[in-house]
Trainee: 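Here you go, one structure.
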Amino acid sequence: MNITIKDGLSKDVQTGQTVGDALSALGISLGTDILAARVNGTVMDLSRPLSEDATIEPLRFDSPEGREVYRHSSTHLMAQAVKELFPTAQLTIGPALEDSFYYDFAYDRPFTPEDLASIEERAREIAKRRLPIARREFSKQDAIEFFRARGEKYKVELIEGFPDGEPISAYTQGDFVDLCRGPHLPSTGHIGAFKLLTTAGAYWRGDERNPMLQRIYGTSFPTKTELDAHLARLEEIKRRDHRKVGKDLDLISVQDEIGPGLVLWHPKGAAIRLQIENFWREQHIKGGYELVYSPHVARLDLWKTSGHLDYYRENMFASMKLEGSEYQLKPMNCPYHIMIYKSHLRSYRDLPIRYGELGTVYRYERTGVLHGLLRVRGFTQDDAHLFCRPDQIETEVSRVLDFTFFILQTFGFTDFEVFLSTRPKESVGADEHWTLATSALEAAIKSRNIAYRMDPGGGAFYGPKIDIKIKDALGRSWQCSTIQVDFNNPERFELSYIGEDGKAHQPIMIHRALMGSIERFFGILIEHYGGAFPAWLAPVQATVLNITDNQRDYAAAVTAQLKSAGFRAEADIRNEKIGFKIREAEKAKVPFMLVAGDREVQGGTVSVRGRSGANLGSMTVVQVLDLLRAETARVRQDS
RNA sequence: GCUGGCGUAGCUCAAUCGGCAGAGCAGCGGUUUUGUAAACCGCAGGUUGGAGGUUCGAUUCCUCUCGCCAGCUCCA
């Protein structure tokens, strides 16, 4: 049979040769860097025999498939170590993740950090044994008997759920056997640097009614250098944690006495928020939105009409009774905007109508999901609702897409992933509405030449949507923006406009949020910048530092000039050494430090120091104002 | 909500076996008048998250509770 290496040689080899043999025959030396191979499109073990002509592509750690095989074998390595040390632990499942892996074990107690250390040590030792990893296939019945005999109840349960008639594969390394689709590395010796990270509880099959399993997370890399780099990145993530930075920089707090998931914005955090909101309002007014305000509570009936009581009740705070009627704290802003729309008779000439609001909502989130600023119970959405005719959907959505990218880019995000979510199983509305709206969304995305992915069935129950994820400075993805078409609410609230034909028609509603929640977006911003905000956002843009008491008045005068020019400036005229004041300003991540000693007073200047040490030289106050004006301009100029 | 871990001064963390609750930083007072990431001396700072229990005695052991953390589940 004929074997071709992708982008390489071609040769006839005997039937029955393995993938690895074929690679060797074609001059590719099988070091530990070759992990598996793609054979006619399917990822396979190097030990699999070949039975037909094939194109083979060797897979190394630099490919996503290679990494997956590597992590998958790593989790088997860990599982083998666990079985050797804790023979009564039962195997369940153990997949590879993005850059790590886990394995869930059924065991009568959680694994301790000490257990983890000994498991890790044992795993390294097993790697050194260089055990060959072999695939074997069973019939379904044989597989059930085999794993039953080994006492692996969970494996038996898994196999019982598999389709009949198809062979079932397992992988063996030494005495260890695991039910597994594969593929795997040729041997345990291929695993270089290996580290266990944490333990956690996890339900069998992710269902909280099922028994709790003991999950162990770990990661692995070919070399210690790569592992160390990965661990350093995890440290960096921890170092930038918005909860820590938010506290250190005195931006926000969440306090016991206030309640979980309820955020206090301290002056410095509020200063940043104010910049965000000012920018947002300014741009929305320019962008053809009308800004509105709505109250935090409304009669419960409003939420009955909107359907929230039926579909969203478990996420709502309990209602309160006042003067014989019930009132509800708002979980969303849409009903209010709808009622503003309904306050007049609308003409087709009025559409589209765009109402925007930084609307604070309250949602009852289960305690276990609360997380710093990223998941809270009270938050402000940068919400807007567009009311338009069906033929306007595409144009409106295109506008929103452009607007979203403009806003997000201004905050320093340049990497986006776009998802188009279609009709879910549980949903309302006529098919033609869904088709129309989905194709309008798709057309809007295409009109902007944006790469996107489908999320089939991922839409809201009332309509399809576009979600936009941003990538932060550490390469992590966050979903912030969402654009959702809604046919349900116009119907529920009986919205109408008078068309050209003089008859009433139902408008389409588009819900959209760009930052999502200000709290969440702020948390992401903190981590994106590691607390070192660009000058336009920094709570303090410049600090004037005097060297001795001689320059106190001068420092105060310079500060006053900066302030009256509209900059957020402070003077640090404490009786402290300049090194100490610089250190404090650095820790506070102030973009510009303006040092004033006798020399500067003489020349009417300040010595300008940038954040993290840059010496920008001596400047007059006028020059400093120019510098600040340039540096506090937003990343992208207003359109 | 579930499993596990953790709550000690404003912050970061100590306190042996159940035996007087401590340090650094921050704060305050003083000395120092300083040139680009930490001057020196002193003072003060606590219902050890809360409630109950065991004990002669609880930061330490037990029960409950609140909160935080990791993960699971959930997620407009």
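Values below: every heavy atom of this structure, side chains too, minus hydrogens, waters and symmetry copies. All values reported here derive from a predicted model rather than from experimental measurement. Naming convention: chains lettered A, B, ... in sequence-line order (proteins, then strands); numbering from 1 in each chain.
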Trainee: Are A:Trp265 and A:Phe522 close enough, and set up right, to give a ring-ring contact (aromatic ring centres under 6.0 Å, His included), and what steps lead you there?
Mentor: CA-CA 11 Å; A:Trp265 293 73; A:Phe522 186 47; 5.0 Å; yes
Trainee: Have a look at A:Lys247 and say if it touches a base, only the backbone sugar-phosphate, or nothing, with a 4.0 Å heavy-atom cut-off.
Mentor: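 Sugar-phosphate contact only - A:Lys247 comes under 4.0 Å of backbone atoms but never of a base.
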Trainee: Under 4.0 Å between a side-chain N or O of A:Thr198 and OP1 or OP2 of B:rA70?
Mentor: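 No, outside the criterion.
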Trainee: Side chain of A:Glu600 only, heavy atoms from C-beta on: which candidate in B:rA76, B:rA39, B:rG35 is closest?
Mentor: B:rG35
Trainee: Round to the nearest Å and state the distance from A:Asp250 atom CG to B:rC11 atom P.
Mentor: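 Spelled out: CG on A:Asp250 to P on B:rC11 is 12 Å.
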Trainee: Looking only at atom P, what distance separates B:rG4 and B:rG45, rounded to whole Å?
Mentor: 41 Å
Trainee: Suppose we define a pair by two distances each less than 3.5 Å, Watson-Crick or G-U wobble; what does B:rC40 pair with here?
Mentor: B:rG30
Trainee: Taking atom P of B:rC75 as reference, at what distance in whole Å does atom CZ of A:Arg520 sit?
Mentor: 15 Å
Trainee: What integer number of Å spans the P atoms of B:rU60 and B:rA9?
Mentor: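 Result for the P pair: 15 Å, nearest Å.
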Trainee: If you apply the rule ring-ring contact (aromatic ring centres under 6.0 Å, His included), what do you find for A:Phe101 with A:Tyr103, and how did you get there?
Mentor: CA-CA 7 Å; A:Phe101 57 82; A:Tyr103 208 108; 9.3 Å; no
Trainee: When the P atoms of B:rC64 and B:rG1 are compared, how many Å lie between them, rounded to an integer?
Mentor: 15 Å
Trainee: If you take all heavy atoms of A:Leu386 and A:Tyr289, which pair is closest and at what distance?
Mentor: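 So the minimum-distance heavy-atom pair works out to CD2-CE2, 3.6 Å.
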Trainee: To the nearest angstrom, how far is A:Leu213 atom CG from B:rU73 atom P?
Mentor: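 Distance, rounded to whole Å: 11 Å.
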Trainee: Could you tell me how far apart A:Tyr364 (OH) and B:rC75 (P) are, to the nearest whole angstrom?
Mentor: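 Taking OH of A:Tyr364 and P of B:rC75, I get 15 Å after rounding.
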Trainee: Ring-plane angle category for A:Phe487 and A:His433, please: parallel below 30°, perpendicular beyond 60°, tilted otherwise.
Mentor: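 The rings of A:Phe487 and A:His433 lie parallel, inter-plane angle below 30°.
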Trainee: Is B:rA14 paired to anything, Watson-Crick or G-U wobble with both distances less than 3.5 Å, and if yes, which nucleotide?
Mentor: none
Trainee: Within less than 4.0 Å of OP1 or OP2 of B:rC69, is there a side-chain N or O belonging to A:Arg375?
Mentor: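 For B:rC69, OP1/OP2 do not have a side-chain N/O of A:Arg375 under 4.0 Å.
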Trainee: Do A:Glu396 and A:Arg354 touch side chain to side chain, with heavy atoms closer than 4.5 Å?
Mentor: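 A side-chain contact under 4.5 Å exists here.
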Trainee: A:Arg583 side chain N/O closer than 4.0 Å to the phosphate oxygens (OP1, OP2) of B:rU36?
Mentor: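 No.
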Trainee: If we call it a pair only when both distances are under 3.5 Å in a Watson-Crick or G-U wobble match, what pairs with B:rU55?
Mentor: none
Trainee: I need the A:Ile526 CD1 to A:Leu373 CG distance, nearest 0.5 Å.
Mentor: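 That separation rounds to 5.5 Å.
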Trainee: To the closest 0.5 Å, what do you measure between NZ (A:Lys471) and CG (A:Leu474)?
Mentor: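 If we round to the nearest 0.5 Å, A:Lys471:NZ and A:Leu474:CG are 12.0 Å apart.
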Trainee: Take atom P in B:rU33 and the same atom in B:rG24, then report the distance between them in whole Å.
Mentor: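 To the nearest whole Å, 26 Å.
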Trainee: Across all strands, who's sitting opposite B:rA21 as a Watson-Crick or G-U wobble pair, both distances under 3.5 Å?
Mentor: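 Because no pair has both required distances under 3.5 Å, B:rA21 counts as unpaired.
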Trainee: Specify the separation, in whole Å, of atom CG of A:Asp241 and atom P of B:rC69.
Mentor: 9 Å
Trainee: For a quick test of reading the model, state the closest non-hydrogen atom pair linking A:Gly94 to A:Thr75 and the distance between them.
Mentor: O-CG2, 3.0 Å
Trainee: I need the residues from residues 540-555 of chain A with at least one non-hydrogen atom less than 4.0 Å from RNA chain B; give them sorted by number, or say none.
Mentor: A:Ile547, A:Thr548, A:Asp549
Trainee: Could you check whether A:Asn615 gets within reach of a base, just the sugar-phosphate, or nothing at all, counting any heavy atom under 4.0 Å?
Mentor: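 Answer is nothing: A:Asn615 stays at 4.0 Å or more from every strand.
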Trainee: What distance, rounded to whole Å, do you find between the two C1' atoms, one in B:rG18 and one in B:rG5?
Mentor: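 So the two C1' atoms sit 23 Å from each other.
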Trainee: Distance alone, cut at 3.5 Å: any donor-acceptor contact between the side chains of A:Ser477 and A:Glu417?
Mentor: yes
Trainee: Using the P atom as the point on both nucleotides, what is the distance between B:rC11 and B:rG46, in whole Å?
Mentor: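 The same atom, P, in both gives a distance of 13 Å.
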Trainee: Find which nucleotide of RNA chain B each of A:Gln381 and A:Arg215 is nearest to by heavy atoms, and output the residue with the more 5' nucleotide.
Mentor: A:Arg215
Trainee: Roughly how far, to the nearest 0.5 Å, is the CZ atom of A:Arg273 from the CD atom of A:Glu519?
Mentor: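 Answer for the CD-CZ pair, A:Glu519 versus A:Arg273, is 5.0 Å.
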Trainee: Could you check which residues of residues 254-270 of chain A get a heavy atom under 4.0 Å from RNA chain B? Sort them by number, please.
Mentor: A:Asp256, A:Pro260
Trainee: Whole Å only: how far is the CD atom of A:Glu365 from the C1' atom of B:rC74?
Mentor: 9 Å
Trainee: Can you check the A:Met509 CE to B:rA76 C1' distance for me, whole Å?
Mentor: 14 Å
Trainee: Could you measure the distance from the NE2 atom of A:His308 to the CG atom of A:Leu302? Nearest 0.5 Å is fine.
Mentor: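 The NE2 atom of A:His308 sits 9.0 Å away from the CG atom of A:Leu302.
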Trainee: Need the pair for B:rC74. Rule: Watson-Crick or G-U wobble, both distances under 3.5 Å, any strand; none if unpaired.
Mentor: none
Trainee: Under 4.0 Å between a side-chain N/O of A:Lys244 and OP1 or OP2 of B:rC11, yes or no?
Mentor: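 Result: no.
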Trainee: Work out how far the P atom of B:rG49 is from that of B:rG7, and round it to whole angstrom.
Mentor: 8 Å
Trainee: Side chain of A:Val595, heavy atoms from C-beta onward: which of B:rA39, B:rG35, B:rA76 has the nearest atom to it?
Mentor: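 Taking heavy atoms from C-beta onward, the closest nucleotide is B:rG35.
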Trainee: What contact category does A:His371 fall into here, base, sugar-phosphate, or nothing, at under 4.0 angstrom with non-hydrogen atoms?
Mentor: sugar-phosphate
Trainee: Within the 4.0 Å heavy-atom criterion, would you say A:Met593 contacts the bases, only the backbone, or no part of the nucleic acid?
Mentor: nothing
Trainee: Determine whether any donor atom in the side chain of A:Arg366 lies under 3.5 Å from an acceptor atom in the base of B:rU73, or the reverse, and answer yes or no.
Mentor: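 For A:Arg366, whose side chain was compared with the base of B:rU73, there is a donor-acceptor pair (under 3.5 Å).
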Trainee: OP1 or OP2 of B:rC68 sitting under 4.0 Å from any side-chain N/O of A:Arg243?
Mentor: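 For B:rC68, OP1/OP2 do not have a side-chain N/O of A:Arg243 under 4.0 Å.
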Trainee: Measure CD1/A:Ile582 against P/B:rA39 and give the value in whole Å, please.
Mentor: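 One finds 12 Å between P of B:rA39 and CD1 of A:Ile582, rounded.
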Trainee: Please determine whether ring-ring contact (aromatic ring centres under 6.0 Å, His included) holds for the pair A:Tyr336 and A:His296, giving the CA-CA distance in whole Å, both sets of side-chain angles, and the decisive distance to 0.1 Å.
Mentor: CA-CA 10 Å; A:Tyr336 298 97; A:His296 287 213; 9.0 Å; no
Trainee: Taking atom P in both B:rA23 and B:rA44, what distance in whole Å separates the two?
Mentor: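 That atom pair is separated by 12 Å.
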Trainee: How long is the straight-line distance from CZ of A:Phe194 back to OG of A:Ser74, given to the nearest 0.5 Å?
Mentor: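 So the gap between those two atoms works out to 6.5 Å.
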Trainee: Considering only side-chain heavy atoms of A:Tyr203, which listed nucleotide, B:rG35, B:rA37, B:rC2, is closest?
Mentor: B:rC2
Trainee: By the 4.0 Å heavy-atom rule, please label A:Gly579 as base, sugar-phosphate, or nothing.
Mentor: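 Answer is sugar-phosphate: A:Gly579 comes under 4.0 Å of backbone atoms only.
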Trainee: Does the structure show a Watson-Crick or G-U wobble partner for B:rC68, both distances under 3.5 Å? Name it, or say none.
Mentor: B:rG5
